[in-house]
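Handing you this structure, nothing more for now.
Letters A, B, ... are given to chains in the order of the sequence lines, protein chains preceding strands, and every chain is numbered from 1. Fair warning: this is a prediction, and the values are worked out from it, not measured in the lab. Quick note: numbers below take in every heavy atom, side chains included, and nothing from hydrogens, waters or symmetry partners.
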Protein chains: 2
Amino acid sequence: MSKIPQATAKRLPLYYRFLNNLNHQGKKRVSSKELSEAVKVDSATIRRDFSYFGALGKKGYGYNVEYLLGFFRKTLDQDELTDVALIGVGNLGTAFLHYNFLKNNNIQIKMAFDADEEKVGTKIGEVPVYHINDMEEKMTGVKVAILTIPASEADGITNRLVDQGITGILNFTPARITVPGHIRVHHIDLAVELQALVYFLKHYPLTKED
Amino acid sequence: MSKIPQATAKRLPLYYRFLNNLNHQGKKRVSSKELSEAVKVDSATIRRDFSYFGALGKKGYGYNVEYLLGFFRKTLDQDELTDVALIGVGNLGTAFLHYNFLKNNNIQIKMAFDADEEKVGTKIGEVPVYHINDMEEKMTGVKVAILTIPASEADGITNRLVDQGITGILNFTPARITVPGHIRVHHIDLAVELQALVYFLKHYPLTKED
DNA sequence: AATAAGTCGTGAGCAATTTCACAATATTAT
DNA sequence: ATAATATTGTGAAATTGCTCACGACTTATT
Ligand SMILES: NC(=O)c1ccc[n+]([C@@H]2O[C@H](COP(=O)([O-])OP(=O)(O)OC[C@H]3O[C@@H](n4cnc5c(N)ncnc54)[C@H](O)[C@@H]3O)[C@@H](O)[C@H]2O)c1
Ligand SMILES: NC(=O)c1ccc[n+]([C@@H]2O[C@H](COP(=O)([O-])OP(=O)(O)OC[C@H]3O[C@@H](n4cnc5c(N)ncnc54)[C@H](O)[C@@H]3O)[C@@H](O)[C@H]2O)c1
């Protein structure tokens, strides 16, 4: 369908955010070199990334911020709003609910679910918390879920999400969940990230020349 | 120094965790195929990853769980404790403080810092919160920091961390911070992760055959 | 007008990572 | 013992991603 490399696709939201910043600062043009310094991605990589979408810049000039931003807005479907459900209103889930993803974003946490009766019926950062038993009923139309429940619950809830018709899951539990092939799962494993950082520090010490 | 590919190094903590689980379940042996199903990494990749450390398995048999676990414990320095400081005790920072990284881990959040007088002096999940003004004084010996402050504060605090002698930063702010080449920064950008997932769902729809 | 400086878009090469596929070896069953 | 089955470790190929380096073109300057 799309021939954009995955590595490029992952960087698009980052480019979009920084272009947005530049636009708010009133900047009219930007070079791949400037952008490179801001997002910490090699300037040749940026030019290559952009080139997959055609010739967006002008030689000797750079890129027009407003034009580029508009282009990425369309490409990233920033005009359509995507609804997301959050499952598990604990420490991590509550932090996400307080955070307004909408600020720079086309993504909205529309509802949350928990098993704890004390949380059910409340609103956290404008988002209503429903009982997990009502998930299938309330969640119609929502195709993306953020999973912030205990690892032991992950498989059970995942199966229910799959049956409900989910297409994407952002999984913060340490469990590696099993889903049918047509469902996309992105894992964010904070403990692994921290351990990996520490491992790199000990085994790949950087010198002054990178 | 080490010739382990970076992609392999990033998976080590994951392998370690699942081997730990297997060991607790009393499992004595495991094949790359079984492990593959658990961690969702191709079995050939797992064998290749392990092979960088030598011949850890036995042909026709698989891997001895206890032996492998012991090997990775040493490799990942699970016997040494690494102290970490957390900067910014807000929504996200508080969630991390409540989470006990030590459970399966050799990493400990030893102290936290915030600018808010109401938080200073308290303890969250056993971790003392100090005033950010006292950072340099209190932080001696700590070489890794988790950054969960507002993006606008990121550059200023980063400079102070660099001067203080930090070697690694796990950055949760959307800011792309600038550090000298010998300091390692890992970015975890939750808004980007969510946007990227949504982008993939719309532009790379998966079929039943993956 | 002519020159200098700046910057894109991309061919080509390089580097990193993943995957295939199979000989070698171990275990299990009969 | 022997045969059948299981599974590793790895050479080689395939895939994916990154970076150099430069021609082409734009803008600014004199
Ligand atoms: N907090 C962190 O810093 C952190 C770090 C790394 C990983 N994680 C992982 O993220 C997940 C959430 O962590 P947390 O600290 O927020 O945990 P938590 O215990 O604070 O929150 C879990 C929430 O899920 C709810 N819950 C339990 N079973 C449920 C069910 N069947 N259906 C719906 N809701 C249910 C609980 O009521 C609770 O509110 C865990 O898997 C944890 O391992 C958290
Ligand atoms: N909460 C989320 O779900 C979420 C999601 C994506 C990204 N983020 C990013 O993570 C960071 C933290 O988010 P949050 O929701 O926890 O924000 P928050 O506002 O709840 O917390 C920030 C904390 O930092 C403290 N602080 C401010 N200035 C400081 C300084 N100079 N020194 C020390 N402490 C200082 C504040 O007192 C506050 O406690 C932000 O950069 C945010 O963009 C958060």
Side-chain angles (χ1 to χ4, degrees), chain A residues 1-12 14-15 19 22 27-69 71-72 181 187 196 199-200 203-204 209-210, chain B residues 1-12 14-15 19 22 27-69 71-72 181 187 196 199-200 203-204 209-210:
Chain A
M1 178 174 183
S2 185
K3 61 263 156 279
I4 309 299
Q6 301 224 352
T8 296
K10 283 194 197 164
R11 284 187 289 265
L12 296 182
L14 189 62
Y15 296 146
L19 287 170
L22 291 177
K27 222 153 174 318
K28 292 294 176 213
R29 57 185 267 193
V30 66
S31 68
S32 61
K33 186 151 167 288
E34 278 176 286
L35 204 49
S36 169
E37 276 151 28
V39 300
K40 315 289 179 197
V41 170
D42 186 273
S43 68
T45 300
I46 292 178
R47 291 199 301 281
R48 174 81 58 194
D49 283 346
F50 287 2
S51 78
Y52 293 117
F53 298 96
L56 302 177
K58 270 201 271 190
K59 299 184 178 180
Y61 176 88
Y63 301 90
N64 179 296
V65 172
E66 210 167 317
Y67 174 77
L68 202 54
L69 189 62
F71 183 85
F72 278 122
H187 294 278
Y199 180 83
F200 276 110
H203 295 83
Y204 300 74
E209 358 296 325
D210 261 334
Chain B
M1 180 173 182
S2 185
K3 61 264 155 278
I4 308 301
Q6 301 223 354
T8 296
K10 282 195 197 163
R11 284 187 290 264
L12 297 182
L14 189 61
Y15 296 146
L19 287 171
L22 291 176
K27 221 151 175 316
K28 293 294 175 212
R29 57 184 268 191
V30 66
S31 69
S32 60
K33 186 150 166 289
E34 277 177 284
L35 204 50
S36 169
E37 277 152 26
V39 301
K40 316 288 180 198
V41 171
D42 186 272
S43 67
T45 301
I46 292 178
R47 292 200 298 282
R48 173 80 58 194
D49 282 347
F50 288 1
S51 78
Y52 292 118
F53 298 97
L56 301 176
K58 270 201 272 191
K59 297 183 178 181
Y61 176 89
Y63 301 89
N64 179 297
V65 173
E66 210 167 319
Y67 173 76
L68 203 54
L69 190 61
F71 183 84
F72 279 121
H187 295 276
Y199 180 82
F200 276 109
H203 295 83
Y204 300 74
E209 1 295 326
D210 261 334

Under the side chain to side chain contact (heavy atoms under 4.5 Å, CB included) test, residues paired with A/K40 that sit two or more places apart: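 Counting only residues at least two positions away or on another chain, A/K40 forms a side chain to side chain contact (heavy atoms under 4.5 Å, CB included) with B/R176, B/T178.
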
Next on the checklist: Could you work out, with side chain to side chain contact (heavy atoms under 4.5 Å, CB included) as the rule, every residue matching B/S51, not counting sequence neighbours?
Outcome noted: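 With neighbours one apart ignored, the set is B/R48.
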
Query raised in the report: Could you give the CD1-to-P distance, from A/I46 to C/dC8, as a whole number of Å?
Result: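 My rounded result for the distance is 9 Å.
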
With sequence neighbours left out, write down each residue that passes side chain to side chain contact (heavy atoms under 4.5 Å, CB included) with A/K58, or none if nothing qualifies.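 Partners of A/K58 by the side chain to side chain contact (heavy atoms under 4.5 Å, CB included) criterion, ordered by chain and then number, come out as A/Y61.
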
* Sequence neighbours excluded, which residues qualify as ring-ring contact (aromatic ring centres under 6.0 Å, His included) partners of A/F50? ->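 For A/F50, the residues satisfying ring-ring contact (aromatic ring centres under 6.0 Å, His included) (neighbours in sequence not counted) are A/Y15, A/Y63, A/F72.
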
(message) According to side chain to side chain donor-acceptor pair (under 3.5 Å), who are the partners of A/K27, at least two apart in sequence or on a separate chain?
(response)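 Counting only residues at least two positions away or on another chain, A/K27 forms a side chain to side chain donor-acceptor pair (under 3.5 Å) with A/E34.
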
Whole-Å distance separating the CD atom of A/E37 from the C1' atom of C/dT7
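Computing the A/E37:CD to C/dT7:C1' distance gives 14 Å.
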
The contact string for nucleotides 22-30 of chain C, one letter per nucleotide 5' to 3', using protein heavy atoms under 4.0 Å with B, S and - for base, sugar-phosphate only and none, comes out as --BBSSS--

Checklist line | Side-chain donor/acceptor contact of B/R48 with base of C/dT19 under 3.5 Å | finding: yes

By nearest-heavy-atom nucleotide on DNA chain D, the more 5' of A/D42 and B/A55 is B/A55

The ring-ring contact (aromatic ring centres under 6.0 Å, His included) partners of A/F200 (sequence neighbours excluded) come to A/Y204, B/H186

Requested in this report: Using a 4.0 Å heavy-atom cut-off across all strands, classify A/S32 as base, sugar-phosphate, or nothing.
Outcome: sugar-phosphate

note: B/K33, atom NZ; C/dT19, atom P; distance rounded to Å ~ 17 Å

Here the distance between atom P of C/dT10 and atom CZ of A/F50, to the nearest Å, is 14 Å

Pick the nucleotide of DNA chain C nearest each of A/L56 and B/T45; which residue has the one closer to the 5' end?
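Its nearest nucleotide being more 5', the pick is A/L56.
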
Report yes if some heavy atom in the side chain of A/L12 is under 4.5 Å from a heavy atom in the side chain of A/F53; otherwise report no.
yes

Segment of DNA chain D, first to last nucleotide, that comes within the 4.0 Å heavy-atom reach of chain A:
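Contacts span D/dG17 to D/dT27, reading 5' to 3'.
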
* Asked: Can you name the nearest heavy-atom pair linking B/I46 to B/S32, along with the distance?
  ->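 Closest heavy-atom pair between B/I46 and B/S32: CD1-O, 3.9 Å.
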
**Q.** Qualifying residues under salt bridge (Lys or Arg N to Asp or Glu O under 4.0 Å), relative to A/R11, sequence neighbours excluded
**A.**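 Scan of A/R11 (salt bridge (Lys or Arg N to Asp or Glu O under 4.0 Å), adjacent residues dropped) gives A/D49.
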
Rounded to whole angstroms, how far apart are OH on A/Y52 and P on C/dG9?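 Roughly 13 Å, once rounded to whole Å.
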
